[in-house]
Structure formats: structure tokens, C-alpha cells
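Please read the structure below before turning to the comments.
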Protein chains: 2
Amino acid sequence: MNATATNSADSYSISELAQEFGITTRTIRFYEDKGLISPERRGQTRVYSPEDRVRLKLILRGKRLGFSLDESREIIDMYDPAHGNLEQLSRLLERIESKREQLRQQQRDIEKMLAQLDEATARTQAALKEHSN
Amino acid sequence: MNATATNSADSYSISELAQEFGITTRTIRFYEDKGLISPERRGQTRVYSPEDRVRLKLILRGKRLGFSLDESREIIDMYDPAHGNLEQLSRLLERIESKREQLRQQQRDIEKMLAQLDEATARTQAALKEHSN
DNA sequence: GTTGACGTTTACGTTAACGTAAACGTCAAT
DNA sequence: ATTGACGTTTACGTTAACGTAAACGTCAAC
């Protein structure tokens, strides 16, 4: 009943993660190629930490919002300890605010679309009533 | 001061729409190729109606939400008079509800991302304070 | 009458995000 | 010792959504 049967610490195999998130192992390796995840190696085999899992989660969440991998990478980079100098830090703040604005735009878009769908539902149900003549 | 200087009714040229929405004319023609817009022709020239403009708006809104052109087409199709038979109508209702669920998922994703960005802001500001030593 | 702004079609090029296949290693089970 | 499940690398293929260039028509302006 344990997801990491043979592993001592919290770690995952590539196929475990693939199955959990409904993606292929090829996809996960592709993300590694693009520098989004860097799992450890036990010999030649990839071993994923809980942090790696979180990164995957963030990537897929970004995907659902239509973000590119580069954009997701940006968001992930915003998460870890801002290690830069003062200028880098203020630019980071700007980028964060920029993302925030983008997300707010998406919220507005969603509201409008949901309203449209409400209307569509109404019209369709009306058309259905017409059919019951 | 009129957007449709030489036109009698409400209509737009391809470059007017391109400029208004910040896209290229090539993009608009591409959407036409894909069957998302079907402007009239005055001779060989495309003439866009207000309805065409709305369609464009919906497409671009979909884009901002990461929807493919096919998905946007679906949403647009949901808007016009549901002309089908009873079975088609109920399937339409299902598709609408499906889209609605997808949008709700996006709302949740956005909430979580915004929370992450809040944390990121806090950490970055903390790092900035460290710098003022 | 030619220049320039705007339009057209046709077609090849490009980038992102994987899919898919080949060819191979490894280890547990039969 | 061979089968099967899982892992690896390398590499070519694919789809979506345009970009870009070529080659041309049209119409008002100079």
C-alpha cells in the first residue's frame, strides 16, 4: 500500500510520477532536457524527490493555464530562495507582479467565458423546449 | 475620428482588426483558413462584420486561457443558435458543462498560483531587507 | 505613369511540445 | 537462460500556430 515500496526515503521512480500525473515518461524526460527538473541518479536510474514532484505539479498547473514551459520555469524560479543581488531582486518583484497581472486577466477572461456559457446553456435549453412540441 | 472611415455600415478591414487586437493580418487569414471566421468579400477584399469582430475577440480570449483554435471554435459554436436535433442539443449541453468544469479548474489553478506569487513576493522582500544591512 | 499603401494568393520555414521507434542494459521471476 | 517489466539514450517524426518571403493586383496621390 506504499507508493515507494522499495525506497527508504521519500522518492519516486519516473513511471510512478508519470502514472500519478497521467503523463508519459517521455514527457518527464523532456522536461529534464529543458532544465525544468533535475532528478538524482542512482546509477543510471532517475530518482525523484518530493521537491521534484512539486516542480512537476507546478509545470502541469502552468500547462492547464496555457503557460509555456519557459513561463512555468520562470514561476518555479520565483519560488526558490531569491539568491541574487539587489537589482535582480527588484526585477524579480516586477516579474512577479507581471505574472500576477496576467493571472488576473485570465480571471476576467474566465468570468466572461462562464457568462457566455450560461447564456449558451439557456439558449440550448430553450431550443430543447421547442423540440418538445 | 471614425474607425470605418469609408464604410457605410459597421464593417472593418483586415488591417483595422489586426491593429485593434495587436495581431498580424496573416494571423486573421490563418483563422479564416481554419474556418473560425468567414468574412464577406467585396470583390476580392475581405470585409468583416461586427459578428466577425466578436468571433475574433472570443478566439483571442481563448488564446489567453491556453485554448487551442479547435477549442475556441467549439466555444464559438456553442454561442450561435443551437440548430441541431434533440440528441445534438443534449450533447451540446454536456460539452458546455465540460467547458465550465475546465474553467473552474483553471480558476482553482489561478488561486493557487496567486498564493504562490504572494509567498514569492514575501520571500523576495525579505531577501531585499537582508540586503539593507 | 510611377510610387506607395494596402490588399491578395501560394508556399516554404519555424518553434514548442512532445510522440514514436530503435536498440540496448538490468534485474527479478519462471 | 530466457522472458518480461522497467529503465536508458539517440534520433527522427508530428502537430499547432503562425512567420516570412515572393509575386502580383488595385487604387489614390503626386
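In what follows, chains are A, B, ... by sequence order, proteins preceding strands, each numbered from 1.
Ion pairing of Arg95(B) with Glu71(B) is absent here, as no side-chain N (NZ or NE/NH1/NH2) approaches a carboxylate O to less than 4.0 Å. A salt bridge does not link Arg55(B) to Glu32(B): none of the charged side-chain nitrogens sits closer than 4.0 Å to a carboxylate oxygen. A salt bridge between Arg123(B) and Glu119(B) is present, with a side-chain N of the basic residue lying under 4.0 Å from a carboxylate O of the acidic one. Between Asp109(A) and Lys112(A), no side-chain nitrogen of the basic residue sits less than 4.0 Å from a carboxylate oxygen of the acidic one, so the salt-bridge criterion is not met.
In 5' to 3' order, the nucleotides of DNA chain C bounding all contacts with chain B (an atom under 4.0 Å from a heavy atom) are dC6(C) to dA11(C).
Contact check for Gln102(A) versus Gln105(A): no side-chain heavy atoms found under the 4.5 Å cut-off. Taking the side chain as every heavy atom from C-beta outward, Phe21(A) and Arg53(A) approach each other to under 4.5 Å.
Backbone-only engagement by Thr24(A) is indicated by non-hydrogen atom pairs under 4.0 Å involving sugar-phosphate atoms exclusively. Residue contacts for Thr25(B): at a heavy-atom cut-off of 4.0 Å it reaches no nucleic acid atom on any strand shown. If you check every strand for non-hydrogen atoms under 4.0 Å, Tyr31(A) touches sugar and phosphate atoms only.
With a 3.5 Å limit on both pairing distances and Watson-Crick or G-U wobble geometry required, the stems of 3 or more pairs in DNA chain D span C:1-30 with D:1-30.
Using a 3.5 Å distance cut-off with no hydrogens or angles, the side chains of Arg42(B) and Ser11(B) do not pair a donor with an acceptor.
With Gln107(A) as reference, Glu111(B) is the one residue of Gln107(B), Gln106(B), Glu111(B) to meet the side chain to side chain donor-acceptor pair (under 3.5 Å) rule.
In this structure, Phe67(B) and Thr45(A) both approach DNA chain D, and ranking their closest nucleotides by distance from the 5' end singles out Thr45(A). In terms of position on DNA chain C, the residue among Phe30(A) and Arg26(B) whose nearest nucleotide sits closer to the 5' end is Arg26(B).
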